[in-house]
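Encoded as structure tokens, the structure appears first; notes follow it.
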Amino acid sequence: MKLIIDTDPGIDDAMAIAYAAAAPEIDLIGLTTVFGNTHVHQSSRNARFLVDKLGLDIPVAQGASAAHGKDDHSPSEHVHGPEGFGDLTDIPEIGQNHDLTAAEFLVEMAREHAGELVVCAVGPLTNIADAMALDPAFSKNLGRLVIMGGAVYCPGNITPHAEANIYHDAHAADAVFTAPPETVLVGLDVTLKTLYQNADFEALAQKSADMGVFLRDISKFYLQFYKEIGGLDGCGLHDSTAVIACTHDHMFDLVQTGVQVITEGDALGATIPQDGRPPVTVCRDVDGAGVVDLFTARVASLP
Ligand code: RIB
Ligand code: CA
């Protein structure tokens, strides 16, 4: 399966990219970057660092630096750290971004791999909305869009109503759900059932001396946030669960519904079931332990 991950790395993004590199069913053909956990230039630098560390020869195309209608973005540094990788600060600039923007690259690749390409969006949906606006054929060309985002039947995380990716560009998200390609929504409804604990990271580090140790080291900051703010003993495998949903949808309980995104007021970013909209596939439940075990088994195989 040909995959592009649209990403704001970001600690759980890094885990998802490592998983995709290790998964035998996945042919990761590129990364597109977006603001969110970090500023977009940091997302791109972090993405290129991960591509190099994983020994991949794939492009990184930079995308949006802010939400539709906004001039800038202020990352929540207390969640992913000042540079997006927890306490790590001196992250080198390796290589360059692709000449195309993220939206241009997504459109080009969907055209080149018409009907086959899967895009897994694990940050705000700005680049996806931009690609849909850039090429009216993008949604038809795209094989499937898998989104880490939303909280359809459960509370949010950035506010009681909203999940962070949707909240950070509610207008873009609502544009996507107004006329969605074939779409799977992997929200907090399932990603908070795939908690990854300190012991899991330590076991991973024992098996994977480079990538496993790196992910353990950058996740300490993230685990601390989950413990102090979320009162949780472990962090959600948010983005990895979405990548796993691209190839293992049998691990999920799925429902079909249209989705509306609230674009103003206290409920900004809420994802509401809406029968008047084209249906998308929403992950309602998951074999959480199975996802955690699959993630560990694959990433532990990395050097
Ligand atoms: O709400 C979780 C999502 O927001 C994840 O994609 C995480 O990386 C952040 O972007
Ligand atoms: Ca993310």
Side-chain angles (χ1 to χ4, degrees), residues 3-20 31-40 42-47 50 60 63-67 73-81 83-86 102 119-128 145-170 172-173 176 184-196 215 218-219 221-223 225-226 229-230 232 234-246 261 268-271 283 286 291 295:
L3 178 69
I4 293 174
I5 300 177
D6 187 64
T7 180
D8 58 337
I11 292 160
D12 66 314
D13 303 66
M15 298 170 75
I17 294 164
Y19 174 85
L31 299 177
T32 51
T33 60
V34 66
F35 73 94
N37 294 326
T38 54
H39 294 287
V40 71
Q42 295 169 311
S43 295
S44 302
R45 176 205 60 200
N46 293 353
L50 290 167
V60 172
S65 58
H73 171 69
S74 304
S76 313
E77 293 189 4
H78 63 290
V79 183
H80 291 262
E83 297 294 337
F85 281 163
V119 170
C120 188
V122 297
L125 294 176
T126 317
N127 293 339
I128 307 303
L145 173 64
V146 180
I147 297 168
M148 190 282 130
V152 183
Y153 305 102
C154 72
N157 55 0
I158 197 165
T159 74
H161 308 283
E163 178 280 324
N165 287 338
I166 304 298
Y167 178 85
H168 280 138
D169 196 342
V176 172
V184 178
L185 185 60
V186 186
L188 299 178
D189 309 273
V190 294
T191 66
L192 285 175
K193 295 180 179 177
T194 62
L195 292 186
Y196 212 69
L215 293 176
I218 67 171
S219 65
F221 191 96
Y222 200 42
L223 288 167
F225 165 76
Y226 269 83
I229 310 296
L232 291 173
C235 60
L237 281 180
H238 301 294
D239 296 347
S240 297
T241 303
V243 174
I244 288 170
C246 295
V261 180
L268 174 72
T271 41
C283 296
V286 65
V291 165
F295 173 84

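Just follow the structure's listing: the first ligand is 1, and inside any ligand the first atom is 1.
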Open item on the list: Tell me the contacting part of Asp8 for ligand 1: side chain, backbone, both, or neither, using a 4.0 Å heavy-atom threshold, strictly below.
Closed with: side chain
- [ ] Please confirm whether Asp239 comes within less than 3.5 Å of ligand 1 when only nitrogen or oxygen atoms on both sides are compared.
- [x] yes
Task: Protein contact of atom 9 (C) of ligand 1 - nearest heavy atom, named by residue and atom, plus distance - done: Asn37 OD1, 3.2 Å
Task: Flag, side chain of Asn157 to backbone of Ala164, donor-acceptor distance under 3.5 Å - done: yes
Task: Spatial distance of atom CD1 (Ile5) from atom SG (Cys246) [nearest 0.5 Å] - done: 7.5 Å
Task: Side-chain donor-acceptor contact under 3.5 Å, Thr126 with Asp169 - done: yes
Task: Interfacing atoms of ligand 1 (cut-off 4.0 Å, heavy-atom, Met148) - done: 2 (C), 3 (C), 5 (C), 6 (O)
Task: From CD1 (Ile166) to CD1 (Ile158), nearest 0.5 Å - done: 11.5 Å
- [ ] Within a distance under 4.0 Å of any heavy atom of Val122, pick out the atoms of ligand 1 and give their elements.
- [x] 6 (O), 10 (O)
- [ ] Indicate yes or no for a side-chain donor-acceptor contact from Asp8 to the backbone of Asn37 under 3.5 Å, with no hydrogens or angles considered.
- [x] yes
Task: Min side-chain heavy-atom separation Gln42-Phe35 under 4.5 Å - done: no
- [ ] Starting from atom 8 (O) of ligand 1, find the nearest protein heavy-atom neighbour and note its residue, name and distance.
- [x] Asp12 OD1, 2.5 Å
Task: Closest protein heavy atom (residue, atom, distance) for atom 1 (O) of ligand 1 - done: Glu163 OE2, 2.5 Å
TODO: Record the part of Thr191 in heavy-atom contact with ligand 1 below 4.0 Å; permitted values are side chain, backbone, both and neither.
DONE: neither
Open item on the list: Would you compute the distance between atom NZ of Lys193 and atom CG of Leu195 and round it to the nearest 0.5 angstrom?
Closed with: 11.5 Å
TODO: Output all residues satisfying ring pair (Phe, Tyr, Trp, His ring centres under 6.0 Å) with His80, sequence neighbours left out; order by chain, then residue number.
DONE: Tyr222
Task: Atom indices of ligand 1, in the order listed, that fall short of 4.0 Å to a heavy atom of Asp13 - done: 8 (O)
Task: Between CG on residue Asp239 and CG on residue Asp12, distance to nearest 0.5 Å - done: 3.5 Å
TODO: Could you see which bit of Asn157 sits under 4.0 Å from ligand 1, with heavy atoms only: side chain, backbone, both or neither?
DONE: side chain
Open item on the list: If only side-chain N and O atoms count, and only distance matters, is there a donor-acceptor pair under 3.5 Å linking Thr191 with Thr241?
Closed with: no
Task: CG on Leu232 to CG on Leu223, rounded to 0.5 Å - done: 10.5 Å
Task: Every N, O or S from the protein that is nearer than 3.0 Å to the Ca ion (ligand 2) - done: Asp8 OD1, Asp13 OD1, Asp13 OD2, Val122 O, Asp239 OD2
TODO: Give yes or no for whether the N/O distance cutoff of 3.5 Å, strictly under, is met between Leu188 and ligand 1.
DONE: no
TODO: Would you mind running through ligand 1 and noting each atom that sits below 4.0 Å from a heavy atom of Ala164?
DONE: 1 (O), 4 (O)
- [ ] Measure the OG-CG distance between Ser43 and Asp13 for me, rounded to the nearest 0.5 Å.
- [x] 7.5 Å
Open item on the list: To check your reading of the model: name the closest protein heavy atom to atom 4 (O) of ligand 1, its residue, and the distance in Å.
Closed with: Asn165 OD1, 3.2 Å
